[in-house]
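Report on one structure; see the data block that follows.
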Amino acid sequence: MDEAILHGLNAEQRAVVADLDHHILLNAPAGTGKTNVLARRVAAIVESGRAEGAQILCLTFTNRACKELKHRIFSTAHEKGLDVVVKTIHGFCYSLIKEESKAGSDVCSDFLVYDDEDCKNIVASLPLSLDVSARGRMQNIQNFIEASKKYCALHDCQSGDVLADFAAGAAAVCRDDGCLRSFCTNYTDSVDAELEQWLAINGVDLMEQYAAALSANHALDFEDLIVRASLLLRQDDVCRRWQNRFAYIAIDEMQDTSDIEYDLISRLFPGRIILLCGDYFQTIYEWRGSHPDAILRRFTADYHPVRITFTINYRATETLLQASSDCLANLFGPSVASFYPAPGTAAGHEQGEPIVAVETAHFMEEARWIFRQIAALPPQERTRACIMTRTNRCNKVIWNGVRSHNEGLPPEQRLPFTMIDQFQLFKRQECKDVTAFLRLTMNKHDALSLKRILLRFAERVGRRTIDTIESPSYRRLGLGLCDFIDGDALAFGDPFGLLLTALEKGNVVVFDVESTGTDTTRDDIIQIAAIRLNERCEIAGKFNAYVRPSRSVGDSYYIHHISDELLRREGRDPKEALADFLRFADGAVIVGHNVSYDLRILRSELRRLSMDSPDDIAYYDTLDIFRRFYPNLPNHKLSYLSNRFTPDTQSSHDAFDDIVATAAILRYALDEHIRPYTAQRRSCIAIYASLFKPVSEKLHELRQLSYTQRPCELIAAVMLRCGVKDYYEGRQSRTEQEEHIDRMENIRKLYSLAKETDTPGQDPRDALTEFLQLTALSNSELDSLLEKKPQIPIITVHQAKGLEFDYVFLACLQDGVFPLSRTADDSRELDEEKRLFYVAMTRARKRLFLSWHRREGKHVYGPSRFIAAIPGQYLLQEAGQAK
């Protein structure tokens, strides 16, 4: 092994990097150099030739950790590390579902991910939930929905009907009185009996309506990512295909991996070399299903890993390291030694200052004390400080206090405090306005984004109009809100008008492709088949070609049964075959089942072959058509639809068989639903066409730009051409003008982020897809924004996960606040509070300050019981009020 890779590592770190043959369980407390070791290990793997970068999968807990690990890998492995797959669990599941959307599921391949706010808006729009959503219970309902979906994955619900499985999960949750009650328990530990009764009666219907609404919008929520990926990997062919991608798998922060997440990822383990790493005593997510003791038992029993423990700390002073270690031992007793038998040592051997602890009378005095301590630091070190609390409510208390002190000073003496909420960039109103336009350029079925745009930026379109269009009478005709901004629908007076006109002219082509895999950005087309239909929807022309790929078909053979040998014998040159297909389909309206996948891989291969690629192709998707008219079917896979509606024509995984089946179900839909109600649809469209035309034209222009412009350039176009800048500049009052300046600054941040994360050589729409994925899956951009504009953040301990600061002020340490009062009688919950306190202590590099206040309103508090677990020799106690 190249000695340069091992240079500077201690003995335990060298063991992790050098042992590439055994499974490893790595215990790595905070500050012990784990990220650097993971990057060095990747370098060792690729340098040794044991695997290429793309055969190494590294899963982390946060986007922040992904960014850091990618940077470290490139620094050590250089170009060979560029292809290493580094993702969060949710990011990995997104990629898996995206790639498997064609073959493994009936999820639309152009799906978007809705964040918490989007999902709550969906719930609020459901007729069934209106009577509870207005009373502040939305988060409780969302928790119920998440639990219902998790039940499906944990109990392997595989009926073939995902919506029915979700409903069955909801029914199971409703039958479990204790489980149901937990979703109706408030922060104060009181039970909302009215909500509990409502969910018991309506929970199943709520789940069905919610899941159907997501499908109609071509969207998934966060829980869908985990649950649907888990269900996909229970299919042997899918699991085998993803297993064979990787030779080495590393899971970071294993203690925060939930049961369902570990079950999902562990399906890829057989035959791979696995490294699991983390710190058991940093488990702070049991409330979302992480149980590291069970994971450790399973991993140890199944893979008999080599156990390695890091003991040298490169972050903290000797005082802070020993204080946190002794505190942990006092909180948990002998169990600590079973994980960390040897005491930790500080690499720098710097003794450091003692921990300062202070009690104040009330929150304003506590905030003043913190303010003065930070102000006393050298100016260049102030922004290396952080204020940390247990809850968002405590954040606001401290924020109000330090802001009050700040405002009494001249501007040049003020300290740059900020709350984490100010970094929720993607959740800001103005940024969600911009991304709503971007999402509609990628997914023309995103009714949630369209409603946002209409209600804010469209003239003469209000809620009454939207409610009418979304009524059952319109839905029965096959009409949806997004049809009213479809340029072709407005031009022909019917969303199916272009299809019907093209059929009359014999200008409809149904097409499908088979490929070497499911990744549209890198896999090759191996078969492309198409038929041209006449006015009676009968086959008038055929095209079918095998295409020689640049790689082996591998495990995809088991799906389409097209072998490498057949392709060598019958495969045509890719440029020649694709050019012939483009001539066959020239000017036609395209039809396919989940056809956005086929169009995307076609564009990708044309681009890779340096061939001209048609941009905004007119197409219809039979998956979407049948979802409109039959929303409650068990599933909408082509095989199911053809078996149910056109049993004489069955689909297979041969491209030509599939397009014949697609043509057959299209003919059925035309005869039963589309042609008989054309007049009614035209009448409905005519009523509102003039109102929607301006929005339609702007979105069409934006969609055209998306094929040639970078994501940041699209953001600029949204601002200037779609009315967003004018909308915010039109605010008149002084307060609104100040607010406008802040909103415009946030949009500039969004623009900068899109520019910084862009890959210039990537296809513009692929780049936009990745940016939208980032906006959906990122909860915070705290670290990157602090790099650009150093500030003093006020954050919760959970939000500080993975961060470190020279000076940490752990505030509001009242007993009953940290730990929370509701955890006092539950040993498991109290243990999590203990670990959270330990995590907070380990964020500090140089100094740690502890503070609390005695009174808040009528409540009188004592100091957190956890402070007593810190040995006195490490504490400098300040009694009484802060000076």
Between [X] (side chain) and [Y] (backbone), is there a donor-acceptor pair under 3.5 Å?
X: Arg835; Y: Ile284; value: no
X: Thr88; Y: Gly91; value: yes
X: Glu261; Y: Ser258; value: yes
X: Glu100; Y: Leu232; value: no
X: Thr300; Y: Arg297; value: no
X: Thr468; Y: Arg464; value: yes

Can you find a side-chain donor-acceptor pair between [X] and [Y] that sits under 3.5 Å?
X: Trp242; Y: Glu99; result: no
X: Asp221; Y: Tyr210; result: yes
X: Ser95; Y: Lys87; result: yes
X: Asp252; Y: Thr60; result: no
X: Lys98; Y: Gln773; result: no

Do the side chains of [Y] and [X] get nearer than 4.5 Å, heavy atoms only?
X: Cys58; Y: Val85; result: no
X: Tyr151; Y: Glu146; result: no
X: Ser148; Y: Phe166; result: no
X: Phe426; Y: Asp115; result: no
X: Phe818; Y: Leu836; result: yes
X: Thr391; Y: Thr796; result: no

Is [X] salt-bridged to [Y], cutoff N-O under 4.0 Å?
X: Arg181; Y: Asp176; result: no
X: Asp467; Y: Arg463; result: no
X: Lys834; Y: Asp831; result: yes

Qualifying residues under side-chain hydrogen bond (donor to acceptor under 3.5 Å, both in side chains), relative to [X], sequence neighbours excluded:
X: Asn217; answer: none
X: Asp598; answer: Lys102
X: Thr441; answer: none

Just how far is it from atom [atom1] of [X] to atom [atom2] of [Y], taken to the nearest 0.5 Å?
X: Gln139; Y: Cys119; atom1: CD; atom2: SG; value: 10.0 Å
X: Ile485; Y: Leu454; atom1: CD1; atom2: CG; value: 8.0 Å
X: Cys108; Y: Asn443; atom1: SG; atom2: CG; value: 8.0 Å
X: Leu96; Y: Leu233; atom1: CG; atom2: CG; value: 5.0 Å
X: His673; Y: Phe496; atom1: NE2; atom2: CZ; value: 10.0 Å
X: Asp118; Y: Lys427; atom1: CG; atom2: NZ; value: 9.5 Å

Go through the structure and list residues passing salt bridge (Lys or Arg N to Asp or Glu O under 4.0 Å) with [X], not counting sequence neighbours.
X: Glu672; answer: none
X: Lys451; answer: Glu470
X: Arg456; answer: Asp433
X: Asp486; answer: none

Please report the closest heavy-atom contact between [X] and [Y], naming both atoms and the distance.
X: Leu481; Y: Ala447; answer: CD2-O, 4.1 Å
X: Phe299; Y: Ile274; answer: CE1-CG2, 3.7 Å
X: Cys93; Y: Leu264; answer: SG-CD1, 3.6 Å
X: Gln282; Y: Lys801; answer: O-NZ, 3.3 Å
X: Ala776; Y: Phe222; answer: O-CZ, 2.9 Å
X: Ser109; Y: Arg600; answer: O-NH1, 3.5 Å

Item to check | Leu214/Leu220 under side chain to side chain contact (heavy atoms under 4.5 Å, CB included): CA gap, chis, key distance, verdict | outcome: CA-CA 6 Å; Leu214 282 181; Leu220 301 179; 5.9 Å; no

Checklist outcome for this item: For residues 197-207, the salt bridge (charged side-chain N to carboxylate O under 4.0 Å, His left out) pairs (sequence neighbours left out) are none

Please name the residue in the list [options] that meets the side-chain contact (heavy atoms from CB on, under 4.5 Å) test with [X].
X: Asp621; options: Asn594, Val591, Asp110, Thr662; value: Asn594
X: Pro495; options: Leu477, Leu479, Ile674; value: Leu479
X: Ile226; options: His90, Lys149, Lys150; value: His90

Item to check | Criterion salt bridge (Lys or Arg N to Asp or Glu O under 4.0 Å) against Asp483, the qualifying member of Lys444, Arg475, Arg628 | outcome: Arg628

Contacts of [X] that satisfy ring-ring contact (aromatic ring centres under 6.0 Å, His included) - sequence neighbours left out:
X: His636; answer: none
X: Phe269; answer: Tyr262, Tyr303
X: Phe144; answer: none
X: Phe111; answer: Tyr94

Item to check | Close aromatic pair by centroid cut-off 6.0 Å: Tyr630 and Phe645 | outcome: yes

Item to check | Phe484 and Tyr474 aromatic ring geometry - parallel, tilted or perpendicular at 30°/60° bounds | outcome: tilted

Item to check | Test log, rule salt bridge (Lys or Arg N to Asp or Glu O under 4.0 Å), inputs Asp293 and Arg298 | outcome: CA-CA 9 Å; Asp293 45 356; Arg298 284 182 61 182; over 6 Å; no

Checklist entry - In terms of heavy-atom contacts, does CD of Gln429 have more than 12 from other residues, nucleotides or ligands at under 6.0 Å? => result yes

